Amino acid sequence: MIQVYNTEARKKAPLEPVVPGHVNMYVCGPTVYDSCHIGHARPAVVFDTIRRHLEYSGLSVTFISNITDIDDKIINRANELGITCKALAGRYQDEYESDMARLGVRSPTIRPKATEHIGEMIDLIKGLEEKGIAYVTPRGVWFDVSKFADYGKLSGRKTDDENTEHRVEQDQEKKNPQDFALWKFSKPGEPEWDSPWGKGRPGWHIECSAMSGKYCDFQLDIHGGGADLSFPHHENEIAQSEAYTGKQFVKYWMHNGFITVGKDDDDEEIKMGKSKGNAFWLHDAFEVASPAALRMWILGTHYRGPLLYKPEFLKTGENSLDRIYNCLEAITRYLGEGGIKEAVGGETGAFSEECENADKAFREAMDDDFNTPQALAVVYELVGKANSAVTSGASKADCAKALLTIHAHLGVLGLPVERPKDGGAGADQFIKLLIEIRTEARKNKDFALSDKIRDDLAAMGVVLNDRSGETTWTAK
RNA sequence: GGCGACGUAGCCAAGUGGUAAGGCAAUGGUUUGCAAAACCAUCAUGCAUCGGUUCAAAUCCGAUCGUCGCCUCCA
């Protein structure tokens, strides 16, 4: 049974979807007004991995992740650059999707855009207005928090909390400081849509409610996002959705922890955020290490915990991954030309059982609130055993089974099953030529030449490995 | 001020009552022309500190110290 930590209940509970065998997941996507920083990678990788494990466990999953393509930040940025909001959002959505693809994040089942669901949002706001929960002021349409008794149940905040009054923007027109915008009237020059209340644009929170409503009938099994979203964003989503339908909106709220960044000057850790001017862009991180290593680094910590970012951590992720790929390549060489197909039917031994135990342990780790560090430990233990099996000449059927098991686990974790090669494809033939020359030199005991070839290639990032009678290479 | 999280080896990080996983780094050995990879061995009598509960605590309770997050756009 899969156990899920629910932010609202603040404890783990068995995952029991509304419809047995099927899970509806909604994960808050990005506001596309700039390039992705590494903070965007965590929820995407975490919830993608959760989705993969649910499917590995035999559940079907509808995975929805939205794109917020209209918002104050988008308007401001578009004005700065002198382009339309649509052009800006389109550009950064493309960038987001390509960055996520590099990280092995699968496309969601549905990727709804806010601007394509204005009608649904208006219908929702109308419904709230009819129930007397929304009211209109000269600036927009607001949600009346005092009309929703459960307000604050997710974050543990109360509407009469006097401390919030110091913080929340004071607006004389609002009935309560915590009332939030459902619809904002447009100022001249801003993008706008017609509505029963006047031209304007939707508030930030309404899109997730409207789109969950459209695609999942206001009933989500899992709703995920970054920990910062639980208040006010998710709190407000609950208010809108449950006030509208009168039924429970989300069964399990899941929030990933934050990434913090070590400051370069001294050892001070400070929060990563664009407002602080120390964003670490994803494309910068990809310069330091492969996307797979970045994913490895994220999965090396439990998703709810804090994650400290230092570029060198990506390097160790790379080294860890190498251990896995070295093993997989060793098994593949061991299986020979017949490969997995030929090996699979063969005679199995004790190691076969180890593989089954490993799969069981892997599932147990992931079933326990998606404990990816524990799951990775299981993978490494199997890697060690598989290495021994290959060197001790275990049955090929067993080794093939280990290979398939590790492949399956890498698949759940969303890591590539083959070592990512970032060297140019054209380089391959030249490296092979150099290896041939070096092999000749070694036969002639010309070690000065053979070592020069190996060292010089290493300096270029190509590492040669002499195995029994064969030389292979990997890109570093 | 309100709410919450965390403090486990040189580094990263699981473990929430039964005697400290895993990875990176490091050291010795086997192997190798030398390397690399792999394998074997070593690497926390101790889990921020101090008390308490218990047959038993990293795990539960209390206090202290320290770090961080949310409360405002943020993944």
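Here the structure is a predicted model, which is why all the values come from computation and not from measurement. So you know, we letter chains A, B, ... as the sequences are listed, proteins then strands, and number each from 1. Only heavy atoms go into these numbers, but all of them, side chains included; no hydrogens, no water, no symmetry mates.
Listed nucleotides: B/rA75, B/rA36, B/rA14. Nearest to the side chain of A/V463: B/rA36. With B/rA14, B/rA37, B/rG4 as the choices, the nucleotide that has an atom nearest any side-chain atom of A/N371 turns out to be B/rA14. With distances taken from any side-chain atom of A/P373 to the nucleotides B/rC11, B/rA13, B/rA37, the minimum falls on B/rA13. Side-chain proximity of A/T260 to the nucleotides B/rA14, B/rC68, B/rA75 is greatest for B/rC68. Closest contact between the side chain of A/S320 and the listed nucleotides B/rC12, B/rC74, B/rG23 involves B/rG23. Comparing B/rA36, B/rA75, B/rC40 against the side chain of A/S388 picks out B/rC40 as the nearest.
Whole-Å rounding puts the A/Q374 CD to B/rA14 P distance at 10 Å. B/rA13 atom P lies 17 Å from atom OH of A/Y303, rounded to whole Å. Between A/F180 atom CZ and B/rU72 atom P the separation is 14 Å, expressed in whole Å. Atom CD1 of A/I435 is separated from atom P of B/rA36 by 18 Å (rounded to the nearest Å). Nucleotide B/rA14 holds its P atom 16 Å from the CD atom of A/E381, rounded to whole Å.
Judged by a 6.0 Å distance limit and a 45° cone about the ring axis, A/R42 is not positioned over the six-membered ring of A/Y303.
When both distances must be under 3.5 Å, the Watson-Crick or G-U wobble mate of B/rU59 does not exist. Shown here, B/rC3 forms a base pair with B/rG69; the pair counts as Watson-Crick or G-U wobble because both key distances fall under 3.5 Å. Pairing of B/rA9, defined by two Watson-Crick or G-U wobble distances under 3.5 Å, is not identified with any nucleotide. Across every strand in view, B/rG33 sits unpaired, with no contact that passes the Watson-Crick or G-U test at under 3.5 angstrom. When Watson-Crick and G-U wobble pairs are counted only if both distances are under 3.5 Å, B/rU54 pairs with no nucleotide at all. Pairing of B/rA41, defined by two Watson-Crick or G-U wobble distances under 3.5 Å, is identified with B/rU27. Within the shown strands, nothing qualifies as a pairing partner of B/rC47 under the Watson-Crick or G-U definition with both distances less than 3.5 Å.
Where A/T316 and A/C327 meet RNA chain B, the nucleotide closest to each residue was compared, and A/T316 sits on the side nearer the 5' end. Residue order along RNA chain B, read from the 5' end via each residue's closest nucleotide, puts A/R467 first among A/R467 and A/P30.
When only modelled atom types and interatomic distance are considered, A/Y151 and A/N176 share no side-chain donor-acceptor pair under 3.5 Å. Donor-acceptor pairing under 3.5 Å is recorded for the side chains of A/H255 and A/T7. Using a 3.5 Å distance cut-off with no hydrogens or angles, the side chains of A/H233 and A/E237 do pair a donor with an acceptor.
For the OP1/OP2 pair of B/rA25 and a distance below 4.0 Å, the side-chain nitrogens and oxygens of A/N319 include at least one atom meeting the criterion. Close to B/rC74, at under 4.0 Å from its OP1 or OP2, lies a side-chain N or O of A/W204. Look at A/R323 and you'll find a side-chain N or O under 4.0 angstrom from OP1 or OP2 of B/rC39. Under 4.0 angstrom from either OP1 or OP2 of B/rC39 there lies at least one side-chain N or O belonging to A/N387.
Judged by distance alone with a 3.5 Å cut-off, a donor-acceptor contact links the side chain of A/D451 to the base of B/rG33. Counting distance only, with no hydrogens placed and no angle test, the side-chain atoms of A/R454 and the base atoms of B/rC34 include a donor-acceptor pair under 3.5 Å. For B/rG33, the base has a donor-acceptor partner in the side chain of A/R442 [N/O atoms by modelled type, under 3.5 angstrom]. At a cut-off of 3.5 angstrom, the base of B/rC34 holds at least one donor-acceptor pair with the side chain of A/D466.
Taking a cutoff of 4.0 Å between a charged side-chain nitrogen and a carboxylate oxygen, A/D72 and A/K184 qualify as a salt bridge.
Remark: A/E353 CD is loosely packed, at most 12 non-hydrogen atoms of other residues, nucleotides or ligands lying under 6.0 Å away. With a 6.0 Å radius and a threshold of 12 heavy atoms from other residues, nucleotides or ligands, A/E312 has its CD atom above the threshold.
Taking the P atom of each, B/rA13 and B/rC68 are spaced 15 Å apart, rounded to whole Å.
Contact annotation for A/H302: backbone-only contact, meaning every heavy-atom pair under 4.0 Å involves sugar-phosphate atoms and none involves a base.
By the 5.5 angstrom centroid cut-off and the 30-degree plane limit, A/F258 is classified as not stacked against the base of B/rG69.
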